[in-house]
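If you're wondering where the values come from, they're calculated on a predicted model, not measured in any experiment. The figures that follow rest on heavy atoms only: side chains count, while hydrogens, waters and symmetry mates do not.
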Amino acid sequence: MVEKQIHLLHIEDDSIDRMVVQRVLKKFPVVKTLYQAQNGEEALDMLRGQKGKAPLMPYPNVVLLDINMPRMNGIEFLKEMRADQELKHLVAFVLTTSGDENDKAQAHALNVAGYIIKPVDLSVFEATFRTLIDYLQVCEL
């Protein structure tokens, strides 16, 4: 089986969490591109090519986002993304510290492929990403 290339957009306001995700994803060569945004508003600008910039190329086929962010949180971003004809097809996973049932319900109502509570242990974090990558290899991206 030929591995699919993954072009991932990680939306996270915490710089340490962004760095950890970046470091873990380097262990997975199937992840060819990693874009990073600090909030949903910045991510939408990147995806839509606003503020004088062209859209991201190659275009991300997976979005990994936090829920609790300033300016535009993860739920608000998902609503905007799902309402946009060009973006609504993107596979989205939530990676957050929020175990709030309301956050989970809203995310699932917006068709996320998964809701992952951020693990504290790095080995658990890596195993979580291994599972995510394996899942993406069998999905249609």
Side-chain angles (χ1 to χ4, degrees), residues 1 3-141:
M1 176 176 85
E3 286 188 324
K4 297 174 189 168
Q5 291 187 351
I6 296 171
H7 306 287
L8 191 139
L9 172 58
H10 181 215
I11 310 169
E12 169 62 63
D13 63 313
D14 185 277
S15 62
I16 302 231
D17 286 346
R18 283 194 313 270
M19 183 181 66
V20 169
V21 167
Q22 184 176 16
R23 189 172 28 191
V24 169
L25 289 176
K26 283 183 180 178
K27 296 180 180 188
F28 300 96
V30 69
V31 179
K32 298 296 180 192
T33 312
L34 174 62
Y35 302 107
Q36 295 183 322
Q38 295 183 36
N39 59 62
E41 186 177 286
E42 181 182 344
L44 285 173
D45 287 347
M46 292 170 71
L47 289 166
R48 292 174 174 158
Q50 294 180 352
K51 298 194 178 181
K53 297 180 182 176
L56 300 174
M57 294 310 269
Y59 205 70
N61 47 17
V62 178
V63 175
L64 183 65
L65 74 149
D66 191 13
I67 291 290
N68 300 312
M69 297 179 289
R71 296 178 72 183
M72 178 184 281
N73 69 35
I75 298 299
E76 294 165 335
F77 170 83
L78 285 168
K79 287 177 182 176
E80 286 281 327
M81 185 180 86
R82 294 300 182 219
D84 187 310
Q85 291 300 312
E86 299 294 319
L87 305 176
K88 69 180 183 179
H89 71 281
L90 293 175
V91 175
F93 288 86
V94 171
L95 177 65
T96 185
T97 57
S98 176
D100 182 78
E101 292 302 319
N102 187 46
D103 286 344
K104 288 179 188 178
Q106 286 185 72
H108 285 294
L110 292 163
N111 299 316
V112 295
Y115 193 100
I116 305 163
I117 304 293
K118 291 179 188 174
V120 178
D121 184 299
L122 191 58
S123 64
V124 173
F125 200 62
E126 287 180 20
T128 300
F129 272 94
R130 189 168 318 285
T131 301
L132 173 67
I133 298 297
D134 290 345
Y135 169 79
L136 292 170
Q137 288 302 307
V138 296
C139 289
E140 299 218 9
L141 296 180

TODO: Check whether any side-chain heavy atom of Thr33 lies under 4.5 Å from a side-chain heavy atom of Pro60, and answer yes or no.
DONE: no
Task: Val30 and Gln137: CA distance, side-chain angles, deciding distance, side-chain contact (heavy atoms from CB on, under 4.5 Å) verdict - done: CA-CA 9 Å; Val30 69; Gln137 288 302 307; 3.1 Å; yes
- [ ] Identify the two heavy atoms, one from Phe28 and one from Val24, that lie closest to each other, and give their separation to 0.1 Å.
- [x] CD1-O, 3.4 Å
Task: Considering all heavy atoms, the nearest Met46-Tyr35 contact - done: CE-CB, 4.1 Å
Task: Smallest separation among heavy atoms of Asn61 and Leu90, with atom names - done: CA-CD2, 4.1 Å
Task: For the student: nearest non-hydrogen atoms of Leu110 and Arg82, plus distance - done: O-NE, 2.8 Å
Task: Within-4.5 Å side-chain heavy-atom neighbours: Lys118 and Asp66 - done: yes
TODO: Output all residues satisfying side chain to side chain contact (heavy atoms under 4.5 Å, CB included) with Ser98, sequence neighbours left out; order by chain, then residue number.
DONE: Asn68, Thr96, Asp100, Asp103, Tyr115
Task: Pair listing, side-chain hydrogen bond (donor to acceptor under 3.5 Å, both in side chains) test, anchored in residues 127-136, at least two apart - done: none
Task: Non-hydrogen atoms of Ala113 and Val91 that approach each other most closely - done: CB-CG1, 3.9 Å
- [ ] Look up atom CG in Asp84 and atom CG in Leu44, then write down how far apart they are to the nearest 0.5 Å.
- [x] 7.5 Å
TODO: May I ask you to decide whether Glu80 forms a salt bridge with Arg48, counting only side-chain N to carboxylate O separations under 4.0 Å?
DONE: yes
Open item on the list: How long is the straight-line distance from CG of Leu78 back to CG of Leu87, given to the nearest 0.5 Å?
Closed with: 11.5 Å
- [ ] Quick one: pull up CD in Glu76 and CZ in Arg71 and give me the separation to the nearest 0.5 Å.
- [x] 12.0 Å
Open item on the list: Please report the interatomic distance CD1(Ile75) to CD(Gln106), rounded to the nearest 0.5 Å.
Closed with: 5.0 Å
TODO: Using a 4.5 Å cut-off on heavy atoms from C-beta on, say whether the side chain of Ile116 contacts that of Val94.
DONE: no
TODO: Measure the spacing between CD of Glu42 and CE of Met69 and express it to the nearest 0.5 Å.
DONE: 10.0 Å
- [ ] Applying salt bridge (charged side-chain N to carboxylate O under 4.0 Å, His left out), run through Glu12 and Arg18 and close with a yes or a no.
- [x] CA-CA 6 Å; Glu12 169 62 63; Arg18 283 194 313 270; over 6 Å; no
TODO: For side-chain contact (heavy atoms from CB on, under 4.5 Å), just list the numbers for Ile133 and Ile6, CA-CA rounded to whole Å, side-chain angles, deciding distance to a tenth of an Å, and then say yes or no.
DONE: CA-CA 9 Å; Ile133 298 297; Ile6 296 171; 3.8 Å; yes
- [ ] Identify the heavy atoms of Met81 and Ala92 that sit nearest to each other, and give their distance.
- [x] CE-CB, 3.9 Å
TODO: Quickly, which of Val112, Leu64, Val63 forms a side-chain contact (heavy atoms from CB on, under 4.5 Å) with Phe93? Name it, please.
DONE: Leu64
- [ ] Nearest 0.5 Å please: distance from the CD1 atom of Ile67 over to the CG atom of Asn102.
- [x] 10.0 Å
Task: Trace of the side-chain contact (heavy atoms from CB on, under 4.5 Å) decision for Val62 with Leu136 - done: CA-CA 9 Å; Val62 178; Leu136 292 170; 3.8 Å; yes
TODO: Decide yes or no on side-chain contact (heavy atoms from CB on, under 4.5 Å) for Leu56 and His7, but give the supporting numbers first.
DONE: CA-CA 10 Å; Leu56 300 174; His7 306 287; over 6 Å; no
TODO: Output yes when Lys104 and Glu101 qualify as a salt bridge under the 4.0 Å nitrogen-oxygen rule, no when they do not.
DONE: yes
